[in-house]
Amino acid sequence: MAEARRPATIRSVDPAGHLIARRRAFRTRLLGWYRGAGRDLPWRRTRDPYAILVSEVMLQQTQVATVIPYYSEWLRRFPSFARLAAASESDVLHAWQGLGYYARARNLHATAKAVAGTDTGTFPDSVAQMRNLPGLGRYTANAIATFAFGKSVPIVEANIGRLLSRLSNSELPIDSAAGAKLVWNVAGALVPKHDAHTFNSALMDLGAVICGARQPKCGMCPVRQFCRGVDPARLPLKRERAATKMLTEHHRFTIESGQLLLEQSQDRWRGMWILPRLREAPSREKPLYRSEFPFTHHRITLTVYRGVPVSTAPAHSWFPLESLETLPLPSPHRRAVSYLIARDRQNLCSARAAS
Ligand code: SF4
């Protein structure tokens, strides 16, 4: 049956006019490739909106290979909206630790509470209702609509955005309003009425596997004949980023009677436990530990000094060393704590052996 034409959409996405005009042939090539080369990912074996939401939120800013074990463990620990809604923030942050960008975990927790608080306790199937839930933007709502409910809606994440920019040879920065509008319009014009979730998965996989960020494999690309990319490796263009700022932060490592002093963060890692902060580096002391980690537009040097607790703040608490595994600690601080505890134990063993 002939497909209904979409003239208004085609006009508005002119750089991809060639692609949209041949969209049926494009889909055939793409889906043929996907049937043989698509990725078998755990969240593709379910239509449960909760599981799909979890995977989509984890995949924001994080690689697939990193997400897979977290996804399985999260579903084991919090298998439904109701179970997640009933969990404490500390448990939620603990399950998320290592994935970073903890606002995602808080938003997921807030979404679960909102869903559990509705009359039916079920997740809505309309995009408009999903967008009313905390933390659900256009991409996440559309992803759940297509992957859980089979709706014919477009999705644009990093892989699809890059792929569509290259296919259109778009010179608009992908993170600008105009650049984002272009790729969303192209995705909207390409998505089929039926089996949209397969098409969207195929677009995503082609972007991830063939049209990769660093080195597009144009020689083996199934949709090469539709591609207008002139120098595709430099696309998509991005707006100039704010310069990275260097920061040094100082902390105390204090152990007494088998207990470690920790501080509950009120800002960057709100609700998580970190080594107590110092306003400035102690004079005449050498740090025990130093490491670097990135955080948004910052590169932070973490320095840790052995401490003698003169006084403790209200946000400070002592924890037995054996309980640390159950606490939510951000990765840079967990690494520092693990290293320093292991070092203390080793020093103790060496001292005993020498005496
Ligand atoms: S031909 Fe190259 S740039 Fe174009 S879509 Fe395929 S892999 Fe990407």
Side-chain angles (χ1 to χ4, degrees), residues 3 6 9-41 44 56 59-65 67 138-139 142-143 146-147 152-193 195-241:
E3 186 172 344
R6 302 178 187 180
T9 312
I10 292 172
R11 266 202 305 276
S12 65
V13 291
D14 206 37
H18 67 288
L19 178 61
I20 295 161
R22 298 174 64 204
R23 60 182 178 264
R24 295 186 69 180
F26 175 82
R27 289 174 194 149
T28 302
R29 294 282 303 169
L30 176 70
L31 293 171
W33 171 83
Y34 180 71
R35 274 192 288 277
R39 295 175 296 178
D40 177 25
L41 301 171
R44 289 192 179 156
E56 290 300 337
L59 286 164
Q60 293 162 13
Q61 327 269 0
T62 309
Q63 303 276 332
V64 166
V67 165
R138 181 182 187 181
Y139 169 75
N142 280 18
T146 190
F147 295 133
S152 173
V153 289
I155 56 168
V156 178
E157 40 65 271
N159 292 311
I160 295 179
R162 179 174 63 249
L163 174 69
L164 297 181
S165 292
R166 289 173 177 172
L167 285 164
S168 316
N169 199 37
S170 169
E171 295 280 330
L172 296 169
I174 187 100
D175 51 353
S176 67
K181 186 175 175 193
L182 174 87
V183 289
W184 273 98
N185 281 348
V186 177
L190 291 177
V191 70
K193 282 203 168 62
D195 209 11
H197 74 280
T198 306
F199 176 82
N200 282 327
S201 297
L203 266 190
M204 204 183 274
D205 279 14
L206 189 70
V209 176
I210 300 290
C211 197
R214 292 203 186 94
Q215 199 80 60
K217 298 172 184 161
C218 302
M220 54 198 296
C221 179
V223 298
R224 192 177 175 186
Q225 68 201 89
F226 304 92
C227 186
R228 292 276 165 92
V230 175
D231 182 6
R234 74 184 182 91
L235 299 177
L237 300 183
K238 290 195 178 155
R239 287 184 301 184
E240 217 167 286
R241 297 187 63 167

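This is a predicted model, so every value here is computed, not measured. Ligands are counted one by one from 1 in listed order, and the atoms in each one are counted from 1 as well.
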Side chains of Asn142 and Pro154 in contact at under 4.5 Å (non-hydrogen atoms): yes

Counting non-hydrogen protein atoms only, what is the nearest one to atom 4 (Fe) of ligand 1? Give residue, atom name and distance. Cys227 SG, 2.4 Å

Can you check whether Val183 reaches Ile160 side chain to side chain, under 4.5 Å on heavy atoms? no

Other residues, nucleotides, ligands: >12 heavy atoms within 6.0 Å of Gln63 CD: no

Part of Cys218 within contact of ligand 1 (heavy atoms, under 4.0 Å): both

Measuring only between side-chain heavy atoms, which start at C-beta, is Leu190 closer than 4.5 Å to Phe199? yes

Please state which protein non-hydrogen atom is closest to atom 5 (S) of ligand 1 and give its distance, to 0.1 Å? Leu163 CD1, 3.7 Å

Within the 4.0 Å heavy-atom shell around Cys211, which atoms of ligand 1 are there? 3 (S), 5 (S), 7 (S), 8 (Fe)

Please step through salt bridge (Lys or Arg N to Asp or Glu O under 4.0 Å) for the pair Asp195 and Arg27, ending with a clear verdict. CA-CA 11 Å; Asp195 209 11; Arg27 289 174 194 149; over 6 Å; no

Write out the residue and atom name of the closest protein heavy atom to atom 3 (S) of ligand 1, then the distance separating them to 0.1 Å. Pro232 CB, 3.4 Å

Is atom 6 (Fe) of ligand 1 less than 2.8 Å from an N/O/S atom of Cys221, whether that atom is in the backbone or a side chain? yes

Specify side chain, backbone, both or neither for Leu206, according to which of its non-hydrogen atoms lie closer than 4.0 Å to ligand 1. neither

CZ of Arg44: more than 12 outside heavy atoms within 6.0 angstrom? yes

